Every structure is written in C-alpha cells, then in structure tokens.
Amino acid sequence: MASDGTKTTEGAIGGRLGEALSERVRVAMLDAFAQGAAPEVEAAVHAANAGGQLIKPTSDARFGDYQVNAILPLAKLLKGNPRALAQRFVEVFDSRGMCLAPEIAGPGFVNLRLDPSWLAAELGRAATDARLGVAPVAQPQRVIVDFSSPNVAKRMHVGHLRSTVIGDALVRTLKFLGHAVVGDNHIGDWGTQFGILLWAWKRGHDEAALNADPIGELERLYKEGTAAMKADVEIANACRAELAKLQAGDAENKALWERFVAVSRAEAERVYARLEVTFDSWHGESFYNDRLPGLVEELRAKGVATESEGAICIFLDEPGLPTTPFIIRKSDGAFLYATTDLATVEYRRETLHAERLVYVVDVRQSDHFRQLFATCKKIGWDADFVHVGFGMMLGADGRPFKTRDGGVVRLDQLLDEAEERILPVVREKWPEATEAAQRLIASKVGAGAVKYADLAQNLATDYKFDWDKLLAADGNTGPYLQYALVRCLSIFREAENRLGLVFAPDGTALLLGTDEEKALALELARFGDTLDRMGAQLLPHILCEYLFALARLFSAFYAKCPILASNIDAATRHSRLTLTHLVWRTLETGLSCLNIPRVTRM
RNA sequence: GCGCCUGUAGCUCAGUCGGAUAGAGCAUCGGCCUUCUAAGCCGAUGGUCGGAGGUUCGAAUCCUCUCAGGCGCGCCA
C-alpha cells in the first residue's frame, strides 16, 4: 500500500480514536457511579458501551469534538441530579494526553475536546504507518461472503450489479480489518433450468451462433424451451426427463452441462474483469449435490423435517416468519434451493469453520433467508448469519431500470455507456493525452461512478440510477472522490517539479493552524472507527459518507491553505504535505476497500 | 387476506439500537482562477421528519392506530 518506505507501527490508539475515548468514558462511569449502586447501573454502562453509545461526535462544533450523553439515562437509575452526576464523572474522567478538561453542558451532557497537540502528534505518527495506524481487529472472525451468484446460461445484467459490487466491497473491507474472509461466487449452476436447456439444445441449436455469441445462443434456447414447455405438457415431461438423466450422471448431458457452465463462466469473467471484481471461490450449487440426500434424511431422523403432502418440509412456527413451510424436498423427490442453501451452510461451518455467514442477495428474498437462518438455529448450527438485502435499481423515472424497449440492461453495455458518457470530459480536461490513455481514464472513472452510486446509498431501499447525477464531479459521487485523490497526487508531483522536493512523512507532529487543517485532522482520525462501523453493520454507505466528508474537507483545505507558494515557511509546508499525504492514503485505502478504481490524473 | 420494507428541504439521500437549534449534495441565487487541476471552493435561500395519538426531563428515532408506495406469500431461484 505504501510506496514510499512507510513502515507498519501501530498507533497508540490502534487507529480507533472513538473506541479509545469510549473506553476511558466507560472506566470513568463505572468508577463514578457503579460503586455500591444497583447492578442495573453497571449493566446500563455495559449495554451503552456495547452499542457504541457512550460517546458520539458532537452535533455542533461548539460542543467540542465528542459528547457523552449516557449520564442522563443513568441519572434515572441512580435517582440523582444529572448535572451533579456529570460533575462526579468529570472528576474521575482520565483526560490525560487525549483531551482537554471535559465540560458539563445543558441538562447533563459532557463535552470532550481533543487535545490538539495530542491529535497532531498522533496523526504525524499515523502518516508513517502503512495501515494509517489502523491495527487489525483484536478478534478476527472467519467470514464467508456469498455474493454475485449469477445463473449459468444467462447474461450478466444490471440485476447482478448490486450484489456483485456490494459483496466485493464487504469482502475487501473485512479483509482489511483483519478478518479471514472467503468471497464465494455461489453460481446458479444446477436445477430445473437445465432440463429445459438440454431439451432445447437437443431439439436444435445453432453451432455457428454458439461460437459467435455463446451466451446469446443459450439464452435463446432457454427462452424457446420455456415457451415450449409451458405450451405442451409432453415437452414439460421431456424436460424433466433430461434433468433426471443429468442428475443420474448421464454422460452426454453431463458433458453438455459442463460446456454450458464453462461458456457462462467465461462470459461472467469478462464482466468481472471490467469491474475488477475477484472471488476466493466459485462453489456453485452443483458443488453441494452429494450432500443433499443425506442431509434431508438426517433432518428427518432428527425430527426437524417432516413429510407433508408428499414433500419434506420444515415447519417454523415463530413470529416474524412466513407461515408456509421451508420445503427441502419436492414430492417428486427433487431438491430445491432451500436444500442446497442448507447443505452450503453445513459445508461452510464444518469444512471452512465459518463463524459469520453473509449473504448479499436481493431484499425480496428476505423471507427465504429468515427461514434458512431459523432452520439452522433449529438444527443447532450456531453462527452469525446475516442477510445483506438490497433494493432494486430503478431508472431516473422511478420505474425498474430497463432499456428503451423494455429489455434488461446488460452489464457490459452499461459500462460501455458510462465510458462513452465520460470520455468527452476527459478529452476536454486532458487534451494532450493519447487516445488510449484517455480511454483508460474514462473506463476507470465510468466504472467507478457506476459502482460508487450503488454503494453510496443505504442498501435497504431501491435506488435511482441517474447518469447525470452519478457522473457529476460535484456531490457524493465516484468522480468527486477520484478527483480529490488526483489533486493530492498533483501536489506531490508539482512539489517535485517546481521545488525539487520529494516528500515523505517523517513522523513529526502536524501544525494545525487554520480551521480547515483542524477539521481535516479530526476527520482523518476517525477513519479506523468508520471502518469498524462498516464492518459491524455491513453497510458500505457508511464508508462512502466518510470518504465524501473527508474529500470535501480536503477540497476546502486545498482552496484555503497553499502549500507550494513561496511565502509558505518550511515547517508549515511540511505539515500540510503530511496532511495531504494522509488524505491521499486514506482515500486510497478507503476507495480500495470499496474497490473504486483510483487514477493518478483525470 | 397475512407478512416484510420504505415515507425526512423542489429533487436525490444521511441521521451511528431517544439527546442540545434535524444534516449533506443537487437545483436556484450571489461571490471566488497572476501560486499546487475551477471535474473545484465560499456564502444565501429552503423542512408541520406522511398523519394522529401515546410513552418521558427529551421522539425523525420507541409503542398503538392510520394514510401512501414497494416487495413477498408450498413444492422456481
């Protein structure tokens, strides 16, 4: 990550300013209030601490940098005057080094102000650290992130974008935090669609079309097969027969299936390459086939699953869950994706020793995952299960994002369009570059804009895809962040060109003279806490918002605080270069966690 | 019919398991390039937090009801 001889040394606070402060607050609270008090007081402090509620950044700079709100609710438990309790807290609070003397305000808030000289020294040190002072988490988890998961024989389209981009960002961020992460592409490479595909293939495929556009031909066959099957019961039976042969290991069907999977994967890989997305494994549904029969029998034997109307079902009578059963074997004996998902959990727990299982899948499948997780719990498979459900991608008109004629938007064409739309701007801003260089920048800015738009919003809701908004260089967009990073690099380039100054941070404390520098420093110090929060909540927009705020503060600093001008003294210049260096590497690290491409100029 | 999710400024969205005067961006209006990329910066205007009750020192946040929109509901994934 560091290209200039920086070394890894953990900062005094492990890069978690908020966490360090919070710990001091916790100690002071127990010290001030828990002695001889009701056990609820201690429990309340622990609860607030666990929820990260002991401190929070102030809502207003006049209140300092962090505020302690937790004394007010405690006052109720202690039946005391909040301000008097705050006074007791302030007396025992250890502000040594980190903070100035705490202040009591309002009905019983305590305002904490960071000691500027401590912050300046801390950041000076962080600038020389390869991880910006952010130590890996103390307790790494084994995490599986299940994401992207396209179906074989179908082209990658915008419906796959969100899972792919969000999952990838989660994987990279959790890895940076020090967790043992496996990003798994759980491709849809098994199931009833292959019966249809095999039948349609045998009825008549076009070898020339297959060579020219493999996925196009498979999609055509699938579409025709589905239509034929719906129109004719005999054909539906024939499709089922083909599927049965495949499942029984028929050599011809198996070979065809392998061919379908191979061409589909090749197609998907081309799109992943453009998105720069990678996986640690590609364990599709077929990977778990062998486990299915035994699993169903085991669950029947355990009494977890029972037969109903010929199907093997799991009934989960719990509030919040659908009343319909979780079906793991159809009445015709075939298995379903519920079965595969259970077998997948079993494998991930037993073989991969997963502690946390993350599924990045469309929110419309939340019922399925609620049932899946409840079933696992019922079986006794203990783990931290999370469904990261995201909303649909809508057009600017608020209706599902489609092509003009109502078709699905192909992912490769979406990326083409992003590049085409941004290319004129690149040509205008950098006319002396070669066509190839301009195209490369345009592809990175275009893909980055599309990906960032997907990550920047809370994923619970549908999001509106609007070319003008996401490609804009102002506002919370990919291009804005890439531009901020480019400006950092430009400063170092010009320092070398004009002054012959090759800058490297040396660990000396910053000089935080102006409001812009102070605000920037405080934000930089919050990077580690932000990563933790994103890792805990699995919400990429938390990191996006942070990076945007940082980039904005940097832009204000850039406008107000000259660095290379001749009237700037050496010490100030060095400090501002260090700040710029920190911003550069924070943006670099943050964008790389989100996997938004970085460029050196634009 | 049952269940889940969403409703915050003209538009797009934040709001960290209740906390101080609800925040950004876009758009609009007004400023800023003889120093590092103006794809930028600064300022101003703009909100009954869908509505009504309730809980309490204190509610966008918790509870109840209600309106509006989206999604899902036995052998597809």
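Computed from a predicted structure; not experimentally measured. The sequence lines fix the lettering, A, B, ..., with proteins before strands; numbering per chain opens at 1. Side-chain atoms are counted along with the backbone in the values below, which use heavy atoms only and exclude waters and symmetry mates.
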- Can you tell me how far P in B:A44 sits from the matching atom in B:G25, rounded to whole Å? 11 Å
- Query: Which part of the nucleic acid, if any, lies within contact of A:Q67, taking any heavy atom under 4.0 Å across all strands shown: a base, the sugar-phosphate backbone alone, or nothing?
  - Reply: base
- Task: Answer with base, sugar-phosphate or nothing: what part of the nucleic acid does A:C488 contact at a heavy-atom distance below 4.0 Å?
- Result: nothing
When the side chains of residues 309-320 of chain A are checked against the rest of the protein, which donor-acceptor pairs come out under 3.5 Å, sequence neighbours left out?
none

- Message: Please give the distance between the C1' atoms of B:G23 and B:U56 as a whole number of Å.
- Response: 26 Å
- Message: Please give the distance between the C1' atoms of B:C5 and B:U48 as a whole number of Å.
- Response: 25 Å
- Hey, is the side chain of A:D60 pairing donor to acceptor with the base of B:A22 inside 3.5 Å? no
Provide a list of protein-nucleic acid N or O atom pairs under 3.5 angstrom, restricted to nucleotides 41-47 of chain B.
residue	atom	partner	partner atom	Å
B:C41	OP1	A:Y480	OH	2.6

- Message: Without decimals, in angstroms, what is the distance between A:F492 CZ and B:C36 P?
- Response: 16 Å
- side-chain N/O A:K464 vs B:U12 OP1/OP2, d < 4.0 Å: yes
- When Watson-Crick pairs (N1 to N3 and N6-O4 or O6-N4) and G-U wobble pairs (N1-O2 and O6-N3) count only below 3.5 Å on both distances, what is the dot-bracket string of RNA chain B, with | for other-strand pairs? (((((((..((((.....[...)))).(((((.......))))).....(((((..]....))))))))))))....
- Message: Can you list everything that forms a ring-ring contact (aromatic ring centres under 6.0 Å, His included) with A:W190? Sequence neighbours excluded, please.
- Response: A:W257
- Item | Listed nucleotide nearest any side-chain atom of A:S59, set B:G40, B:A20, B:G74 | B:A20
- Item | Touch class at under 4.0 angstrom, heavy-atom based, for A:E428 against every strand present | nothing
- OP1 or OP2 of B:C75 less than 4.0 angstrom from a side-chain nitrogen or oxygen of A:Y337, does that happen here? no
- Message: I'd like the P distance from B:G10 over to B:C49, given in whole Å.
- Response: 13 Å
- So what does A:R364 touch, heavy atoms closer than 4.0 Å: a base, only the sugar-phosphate, or nothing? sugar-phosphate
- A:F369: ring-ring contact (aromatic ring centres under 6.0 Å, His included) partners, not counting sequence neighbours: A:Y359, A:F373, A:H387
- Which residue, A:F315 or A:S566, contacts RNA chain B at a nucleotide closer to its 5' end, judged by nearest heavy atom? A:S566
- Identify whether any heavy atom of A:P82 sits under 4.0 Å from a base atom; if not, whether one sits that close to sugar-phosphate; answer base, sugar-phosphate or nothing. nothing
- Message: Distance check needed: B:G74 C1' versus A:D367 CG, whole Å only.
- Response: 13 Å
- Base, sugar-phosphate alone, or nothing: which one does A:P107 contact when heavy atoms must sit under 4.0 Å apart? nothing
- Query: Contact class for A:A456 (heavy atom, under 4.0 Å): base, sugar-phosphate, or nothing?
  - Reply: nothing
- Query: Can you tell me if the side-chain N/O atoms of A:H541 get under 4.0 Å from OP1 or OP2 in B:G15?
  - Reply: yes
- May A:F109 be described as stacking on the base of B:A20, applying a 5.5 Å centroid limit and a 30° limit on plane angle? yes
- Who passes ring-ring contact (aromatic ring centres under 6.0 Å, His included) against A:Y463, sequence neighbours left out? none
- Sugar-phosphate only, base, or nothing, as touched by A:S331 at under 4.0 Å among non-hydrogen atoms: base
- Which of B:G40, B:C36, B:G74 is nearest the side chain of A:I327? It is B:G74
- Which listed nucleotide (B:C11, B:C36, B:C76) is nearest to the side chain of A:K469? B:C11
- Message: Students often get this wrong, so: under 4.0 angstrom with heavy atoms, is A:T580 touching a base, only sugar-phosphate, or nothing?
- Response: nothing
- Item | Given B:A38, B:C36, B:A77, the nucleotide with the shortest approach to the side chain of A:I491 | B:C36
- Over 12 foreign heavy atoms within 6.0 Å of NZ, A:K444: yes
- Query: Is there a side-chain polar atom (N or O) of A:K330 under 4.0 Å from OP1 or OP2 of B:G74?
  - Reply: no
- Message: Just to be sure I understand the rule, does A:L336 reach a base, reach only the sugar-phosphate, or reach nothing, if contact means heavy atoms closer than 4.0 Å?
- Response: sugar-phosphate
- Give A:V425 one of three labels, base, sugar-phosphate or nothing, depending on what nucleic acid heavy atoms sit under 4.0 Å from its own. base
- Provide the distance between the two P atoms, one in B:A20 and one in B:A60, to the nearest whole Å. 9 Å
- Gap in Å between the two P atoms, one belonging to B:C17 and one to B:G1, rounded: 35 Å
- Between B:C65 and B:C4 - P atom distance, rounded Å: 12 Å
- Query: Heavy atoms under 4.0 Å, any strand shown: does A:Q482 hit a base, just sugar-phosphate, or nothing?
  - Reply: nothing
- Provide the distance between the two C1' atoms, one in B:G69 and one in B:U8, to the nearest whole Å. 16 Å
